[in-house]
Amino acid sequence: VTSRQRICDVKGVPLISSMHEIFGRVEKFQAKADDILIATYPKAGTTWMIEIMDSIRQGGITKEITTIPSHERTPFLELSSMGTLPAGVDLLKDMPSPRLVKTHLPFQLVPQSFWDKGCKVIYVARNAKDILVSYFFFHKITPILPHAGTWDDFFESFLSGNGECVHSDLSSLSVLDDQHHRQDPWSHSALLLLLLLHIDGSFPHPRAPRLKVLISVLLMEIVKHTSFNMMKDNPMTNFSRMPTCIVDVRISPFMRKGQVGDWKNHFTVAQNQRFEEEYRRRMAKTSLRFRTEL
Ligand code: PPS
């Protein structure tokens, strides 16, 4: 698949046609109890969390981390086979446990087996204004996504939720989804519990002095390895190893700015006002607050 794909409705969620086609297999995916699901709205910091979690899982910056691209170490559940990259569900079949699984599916589309097996989940959320800007630039380097058009076109498409934007409009930021908020486990206790990363079982007791030093050295190493600049220059994390029919970083970098507040360089005053109004209206039921500047 090398050309822009149609947007299809999958149980009310707009997804690209190849995800629609593979969805039957995704739905039937058999999770294992020790799988860790990293769930996000696109551009929320998925790749960053994957790298942090994989470094923890592997106990440091191992050969695997430095030689295998992140998208092969942590398969993208709903992505079908493209170019040289097998489908997420196929990559996962051959992976040793514990597996890290990436998804952008909103809660209601996540395969039931993740819940049946009681899998651990990390949900990452980011302020919606920076997501929108990041997603705009991502469309330009992703040949399978719909044509982004100008910034103004993209802004309109996202806000109006007219289905031209994959995962659609503001209200599909799944954790904040107005419609699902009250019954959606993403948005209640699960969110906070899951964000504790569940490393308690995997780490030795931190009070043992030697282990404490080891853990802090390990953490320093992981913090350095997952800094924006390191990840930007690292071919395993900057998407330069991704088949160009999926993401083409020759057009512009995937690791773009990694900042809070870049939206100010793109939103007009009128767009900001409109966004704020829509946001207030659609997010009225959530008490979660995000920082849109530091
Ligand atoms: S995707 O395509 O949905 O998986 O994208 P995702 O990884 O969720 O989001 C990409 C944005 O995350 C930024 N990023 C980081 N920021 C700070 N520090 C680190 N280490 C880091 N890694 C990724 C990346 O630059 C994208 O944001 P923008 O605003 O476009 O720069």
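In each ligand, atom 1 is the first atom listed, and ligand 1 is the first ligand listed.
- With no hydrogens or angles considered, a side-chain donor-acceptor pair links Asn238 and Ser240 at under 3.5 Å.
- For atom 13 (C) of ligand 1, the closest heavy atom belonging to the protein is Gly258 CA, 4.3 Å.
- Close approach of ligand 1 to Ser227 is summarised as follows: ligand atoms under 4.0 Å from at least one heavy atom of the residue are 20 (N).
- The existence of a salt bridge linking Asp262 and Arg256 is confirmed by a sub-4.0 Å separation between a basic side-chain nitrogen and an acidic carboxylate oxygen.
- At a heavy-atom cutoff of 4.0 Å, ligand 1 is contacted by the side chain of Lys102 but not by its backbone.
- Taking atom 8 (O) of ligand 1 as the reference point, the nearest protein heavy-atom neighbour is Thr46 OG1, 2.4 Å.
- Looking only at atom types and distance, the side chain of Glu51 has no donor-acceptor partner in the side chain of Ser70 under 3.5 Å away.
- Considering backbone and side-chain atoms alike, Ala44 places an N or O below 3.5 Å from some N or O of ligand 1.
- Ranking protein heavy atoms by distance to atom 24 (C) of ligand 1, first place goes to Phe254 O, 4.2 Å.
- Under 4.0 angstrom from ligand 1, the non-hydrogen atoms of Phe138 all belong to its side chain.
- The pair Asp248-Arg250 meets the salt-bridge criterion, with a side-chain N (NZ, NE, NH1 or NH2) lying under 4.0 Å from an Asp/Glu carboxylate O.
- Nearest protein heavy-atom contact of atom 1 (S) of ligand 1 is Lys43 NZ, 3.7 Å.
- Nearest protein neighbour of atom 22 (N) of ligand 1, counting heavy atoms only, is Met255 CE, 3.3 Å.
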- Stepwise side chain to side chain contact (heavy atoms under 4.5 Å, CB included) test for Ile38 and Val101: CA-CA 6 Å; Ile38 299 183; Val101 184; over 6 Å; no
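- The residue from Arg281, Arg274, Arg280 that alone fulfils the side-chain hydrogen bond (donor to acceptor under 3.5 Å, both in side chains) condition with Glu278 is Arg281.
- Set against the non-hydrogen atoms of Pro42, the atoms of ligand 1 under 4.0 Å away are 3 (O).
- The heavy atom nearest to atom 29 (O) of ligand 1, out of those in Lys257, Gln259, Arg126, is found in Arg126.
- Side-chain contact annotation: Asp153 with Thr150, donor-acceptor N/O pair under 3.5 Å present.
- Classified by interplanar angle (parallel below 30°, tilted 30° to 60°, perpendicular above 60°), the ring pair Tyr135/His139 is perpendicular.
- The shortest N/O to N/O separation between Arg256 and ligand 1 falls below 3.5 Å.
- Here Lys257 contributes atom NZ and Ser134 contributes atom OG; the two are 11.0 Å apart, rounded to the nearest 0.5 Å.
- Considering only non-hydrogen protein atoms, atom 19 (C) of ligand 1 sits nearest to Trp48 CD2, 3.3 Å.
- Of the heavy atoms in Met231, only side-chain atoms (C-beta onward) come closer than 4.0 Å to ligand 1.
- In this structure, Trp263 and Phe267 have perpendicular ring planes: the angle between them is above 60°, well past the 30° mark.
- With a heavy-atom cut-off of 4.0 Å, His104 touches ligand 1 through its side chain alone.
- Donor-acceptor pairing under 3.5 Å is recorded for the side chains of Lys129 and Asn272.
- Of all the heavy atoms of Thr237, none lies under 4.0 Å from any atom of ligand 1, so neither backbone nor side chain is involved.
- The aromatic rings of His104 and Phe76 lie perpendicular to each other, with more than 60° between the two planes, well past the 30° mark.
- Residue Thr226 has at least one heavy-atom neighbour below 4.0 Å for each of these atoms of ligand 1: 20 (N).
- Of the options Ser134, Gly45, Gly261, the smallest heavy-atom separation from atom 28 (P) of ligand 1 is shown by Ser134.
- Scanning all protein heavy atoms for the shortest distance to atom 7 (O) of ligand 1 gives Thr47 OG1, 2.5 Å.
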